[in-house]
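Okay, so here's the structure we're looking at.
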Protein chains: 2
Amino acid sequence: MPPSTTAASAAAPSSTKSATSEGSEERFLHSPLAREVAFLTARARGRGNALANQLLADLDLKVRHFSVLAMACSGTNPSQRELGGFLDLDPSQVVALVDVLEGRGVIRREPDPRDRRSKILVATEAGQELYAQAARRTREAEDQTLKKLSSAERDQLRELLARIVF
Amino acid sequence: MPPSTTAASAAAPSSTKSATSEGSEERFLHSPLAREVAFLTARARGRGNALANQLLADLDLKVRHFSVLAMACSGTNPSQRELGGFLDLDPSQVVALVDVLEGRGVIRREPDPRDRRSKILVATEAGQELYAQAARRTREAEDQTLKKLSSAERDQLRELLARIVF
DNA sequence: TATTGTTATACTCTATAACTATA
DNA sequence: TATAGTTATAGAGTATAACAATA
């Protein structure tokens, strides 16, 4: 998911919300916009991202960094270019994210035997451990996000989403 | 998708992509990340947003403006605060978006009889027309995004997404 | 001639705080 | 005292162009 932007606001304390703002949700449920998949996915990603960023905060990670770390831990040995393509990240963004994670010693840039221009991303020992902790938190975030769905419905949602994005 | 950000890059010409980047998608399909709903919704929102922004470009609209216009046309008479809550927009962002749309003469700020602090958003005649044209384009974008799904599957996806975000 | 990673830069989007007018 | 809208500002996130090394 990309990015972490809407994070803070969306996941912010809901304690201070006014009665008016709260009750209006129901009123808007039948608006045409509420039926658009684009709107629904945007909202889902906003909420999900916000929650995940919140749960990852104590590891000093954001979703965007987590995604890179996850791919470095996946055993697929992605090049920076490939990673950017998969995560919808600009090559320059990949550089910045990898710099941070490499600076923390959790991933490494390794030379590609097939192409000396390319750099393969792999996780270090410490990276695998950090990923294990982080993945626990993102699983918790997902579980909370999908709490209204049964196990079968969750699989169904995953399958439908995968079909439209791959 | 989200707002417009990832737009350009994601929807950009795919003609120049290297063979390596293209083929790697399949290799990453079995990575843990590809099974996370957060990742899938992020990617869906990114692609959808990019495509919608592209199709709305000739109307000089972006998804974020379209969303505000759509709500102003919905007959639900949202206040700016309510709109921000529904669209996950900061109050200050709402001001900026409404300024633009009001400047174009497609929506109006009307006084709230119940609360003189609040301002109700409604569409003008021109706004309704612009919305009609824009909605045609977003429907086209959605149709293209969901082209691999049957009608029943599309409804199912909408229903599942709605359950987790409302 | 084209591509990978990199850097620098600008632009968009988002978040924060402070102000006003109402409540 | 709290809320709606506004303003100004800063910060993330993202996109663009140009460059060196390699293909």
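To find a chain, count down the sequence lines: A is the first, B the second, and so on, and within it residues start at 1.
Rounding to whole angstrom units, CG of residue L121(B) and P of dA4(D) are separated by 14 Å. Spacing between atom CZ of R114(A) and atom P of dA21(D) amounts to 25 Å, rounded to whole angstrom units. Rounded to a whole Å, the CG atom of D88(A) is 9 Å from the P atom of dA15(D). Spacing between atom CD of E110(A) and atom P of dG5(C) amounts to 14 Å, rounded to whole angstrom units. One interatomic measurement links the two molecules: CG of L87(B) to P of dA15(C), which rounds to 13 Å at whole-angstrom precision. When rounded to the nearest whole Å, the span between CG of L89(A) and C1' of dT4(C) equals 16 Å. The interatomic distance linking Q80(A) (CD) with dA21(D) (P) rounds to 17 Å, in whole Å. Distance I107(A) CD1 to dG5(C) C1': 14 Å, rounded to the nearest Å.
Using a 4.0 Å cut-off between charged side-chain N and carboxylate O, E36(A) and R139(B) make no salt bridge. Under 4.0 Å is where a charged nitrogen must lie from a carboxylate oxygen, and between E25(A) and R43(A) at least one such pair does. Classification of D112(B) and R114(B) as a salt-bridged pair fails, no side-chain N sitting under 4.0 Å from a carboxylate O.
Checked against dT7(D), dA21(C), dA23(D), the side chain of R117(A) finds its nearest nucleotide in dA23(D). Looking at the side chain of K62(A), the nearest of the listed nucleotides dT16(D), dA12(D), dA4(D) is dA12(D). The listed nucleotides are dT16(C), dA2(D), dG5(C); the one nearest the side chain of D90(B) is dT16(C).
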| Are R154(A) and E142(A) close enough, and set up right, to give a salt bridge (charged side-chain N to carboxylate O under 4.0 Å, His left out), and what steps lead you there? | CA-CA 10 Å; R154(A) 296 179 187 197; E142(A) 175 159 317; over 6 Å; no
| task | Please step through salt bridge (charged side-chain N to carboxylate O under 4.0 Å, His left out) for the pair R163(A) and E159(A), ending with a clear verdict. | result | CA-CA 6 Å; R163(A) 296 242 313 272; E159(A) 198 263 331; 3.2 Å; yes
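Each of R109(B) and Q93(A) lies near DNA chain D, and the nucleotide nearest R109(B) is the one positioned closer to the 5' end. Toward the 5′ end of DNA chain D lies the nearest nucleotide of H65(A), the other residue of the pair H65(A) and P91(A) mapping further downstream.
For K119(A), a side-chain nitrogen or oxygen approaches OP1 or OP2 of dT6(C) to under 4.0 Å. Side-chain N/O atoms of R81(A) include one lying less than 4.0 angstrom from OP1 or OP2 on dT4(C).
Between the base of dT16(C) and the side chain of S92(B) there is a donor-acceptor pair shorter than 3.5 Å. Side-chain atoms of R116(B) stay outside donor-acceptor range of the base of dT22(C), with no qualifying N/O pair under 3.5 Å.
Within 4.0 Å of D115(B), counting heavy atoms only, lie sugar-phosphate atoms of the nucleic acid but no base atom.
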